[in-house]
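Taking it in order: structure first as structure tokens, then the write-up.
Atom set for the values below is all heavy atoms of this structure, side chains included, hydrogens, waters and symmetry mates excluded.
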Amino acid sequence: EPGFEWSNLIGDYGEYVALNTEKYRLKKAPTGQSKYDAVYKDGLYKGKTVQIKTSHKTKSINFSG
């Protein structure tokens, strides 16, 4: 997938899944952004930033404030 370096497979895959799951309504942050990975496209959280973390130790997706 263009736009991902794939240097951290688990982390990059987690971002890929989150960004390509329509129910999360996320768009990828600009390349080089170090503080967040995505931005909510619409809805209640429109414009809010999101940092996506992926762990191989869980089988669920969690959000934290």
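Shortest non-hydrogen contact noted between Lys28 and Leu19 is N-CD2, 3.6 Å. Residue Ile52 comes nearest to Ala18 through the heavy atom pair CD1-CB, 3.8 Å, listed as atom of the first residue, atom of the second, then distance.
Within 6.0 Å of the NZ atom in Lys27, the count of heavy atoms belonging to other residues, nucleotides or ligands does not exceed 12. Summarising the local packing, CD of Glu5 is surrounded by 12 or fewer heavy atoms from other residues, nucleotides or ligands at distances under 6.0 Å.
You'll find the side chain of Val17 stays beyond 4.5 Å of the side chain of Tyr24, heavy atoms only. Residues Leu26 and Val50 form a side-chain contact, since some pair of their non-hydrogen atoms from C-beta on lies under 4.5 Å apart. Counting heavy atoms from C-beta outward, Phe4 and Tyr13 have side chains that stay 4.5 Å or more apart.
Looking at residues two or more places apart in sequence or on another chain, you find a side-chain contact (heavy atoms from CB on, under 4.5 Å) between Lys53 and Gln51.
Going from atom NZ of Lys35 over to atom OG1 of Thr49 covers 11.0 Å, rounded to the nearest 0.5 Å. Note that CD of Glu1 and CG of Asn20 are 6.0 Å apart. Values are rounded to the nearest 0.5 Å.
With Tyr36 as the aromatic partner, Lys48 does not meet the cation-pi criteria of under 6.0 angstrom to the ring centre and within 45 degrees of the ring axis.
Ring-plane geometry between Tyr40 and Tyr45 is classed as tilted, the angle between the planes lying from 30 to 60 degrees on a 0 to 90 degree scale.
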